[in-house]
Amino acid sequence: MEASHTIPASSGSAAETPRRGFFFTASRMALGAGFALLGFAGCLWTLGIGRFLVPNVVNRPPNRFKVGRPADYPRGKVETRYKEEFGVWVVHGDYRGKPQIYALRTVCTHLGCITIWQESERKFKCPCHGSGFRPDGLNCEGPAPRPLERLAIRIADDGQLEVDRSRVFQQELGQWQDPDSYVSV
Ligand code: FES
């Protein structure tokens, strides 16, 4: 009679060891990936919350700023140095025969592009659709339907001209008659 053949206990373990190792490694990788995913989601969540907690800070220039003394503005001068930071032209020009210093917004009254001062042609020109404005701000060509807007200007206590961007004056509404919209010189 043939002796029964028994499988040694050790042979099963030896065959399964690589498989167990594989499952062990795979589960560790899955666990690691899960943690990584959780960490990533946590970061996103934190950033999302952070956006609500931290206000959007925009560094805007102040509304009021000094632009020098009236004597710094000879007749006909168009000061361009305040264009970039404040969006303003400061001009010693004439309006209705009266010499004045006034501050014009650089924004074109057609669709809001920024005008350019062309000294050779003595006019503000809009690069977008060709509108032109005279030194006094009146529209003279192109599709702009109205003059540039003035900003409040005054002589401060220290004798300097001070522009206030929070107050706007529109010629077509008769607001350029307001003495706060110019300084007589
Ligand atoms: S935006 Fe200036 S002409 Fe159109």
Side-chain angles (χ1 to χ4, degrees), residues 44 47-185:
L44 286 181
L47 285 175
I49 293 297
R51 267 188 68 78
F52 288 106
L53 292 178
V54 179
N56 284 334
V57 177
V58 179
N59 288 325
R60 290 211 176 99
N63 277 336
R64 292 184 182 208
F65 57 99
K66 305 274 177 67
V67 295
R69 297 175 182 279
D72 300 330
Y73 291 83
R75 191 97 177 250
K77 176 165 183 170
V78 175
E79 180 56 79
T80 61
R81 79 170 80 165
Y82 303 105
K83 175 189 176 186
E84 294 303 325
E85 186 174 2
F86 297 102
V88 173
W89 310 111
V90 183
V91 184
H92 181 171
D94 289 86
Y95 181 61
R96 295 189 173 167
K98 293 179 185 164
Q100 300 176 341
I101 294 176
Y102 44 85
L104 295 170
R105 291 184 74 212
T106 56
V107 177
C108 176
T109 52
H110 178 221
L111 292 177
C113 290
I114 302 302
T115 55
I116 297 163
W117 171 245
Q118 292 186 333
E119 180 65 37
S120 59
E121 298 182 46
R122 298 287 302 166
K123 67 182 174 187
F124 301 102
K125 192 75 183 163
C126 181
C128 291
H129 314 102
S131 288
F133 304 85
R134 301 180 345 194
D136 59 9
L138 295 179
N139 46 319
C140 57
E141 61 187 358
R146 59 191 182 86
L148 296 177
E149 294 173 344
R150 281 187 183 185
L151 299 172
I153 189 168
R154 70 180 190 114
I155 297 181
D157 294 342
D158 61 0
Q160 289 205 61
L161 293 159
E162 183 184 72
V163 176
D164 181 356
R165 297 190 309 150
S166 68
R167 297 181 63 202
V168 176
F169 300 85
Q170 293 179 230
Q171 189 271 345
E172 69 277 16
L173 300 180
Q175 295 171 341
W176 285 11
Q177 307 300 326
D178 190 321
D180 288 352
S181 74
Y182 60 88
V183 167
S184 294
V185 282

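First listed ligand is number 1; within each ligand, the first listed atom is number 1. Note that the structure is predicted; figures quoted are calculated from it, not measured.
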With atoms numbered from 1 as shown, which atoms in ligand 1 lie under 4.0 angstrom from a non-hydrogen atom of [X]?
X      : value
Cys113 : 1 (S)
Cys108 : 1 (S), 2 (Fe), 3 (S)
Leu111 : 1 (S)
His110 : 1 (S), 2 (Fe), 3 (S), 4 (Fe)

State whether the side chain of [X] and the backbone N or O of [Y] hold a donor-acceptor pair below 3.5 Å, judged by distance alone.
X      : Y      : value
Arg122 : Gly76  : yes
Lys125 : Gly130 : yes
Arg69  : Asp158 : yes

message: If I take atom CG from residue Asp136 and atom NZ from residue Lys98, how far apart are they, to the nearest 0.5 angstrom?
response: 14.0 Å

- prompt: Is atom 4 (Fe) of ligand 1 less than 2.8 Å from at least one N/O/S atom of His129?
  reply: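 A backbone or side-chain N, O or S atom of His129 is under 2.8 Å from atom 4 (Fe) of ligand 1.
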
- request: Return yes when at least one N/O/S atom of Cys126 is nearer than 2.8 Å to atom 4 (Fe) of ligand 1, and no when none is.
  value: no

- prompt: Considering residues at least two apart in sequence or located in another chain, which fulfil the salt bridge (charged side-chain N to carboxylate O under 4.0 Å, His left out) criterion with Arg64?
  reply: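 Arg64 satisfies salt bridge (charged side-chain N to carboxylate O under 4.0 Å, His left out) with Glu162, Asp164 once adjacent residues are dropped.
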
query: Is it true that Cys126 and Cys113 have SG atoms closer together than 2.5 Å?
result: no

field: Nearest protein heavy atom with distance in Å, relative to atom 3 (S) of ligand 1
entry: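 The protein heavy atom lying closest is Ser131 OG, 3.1 Å.
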
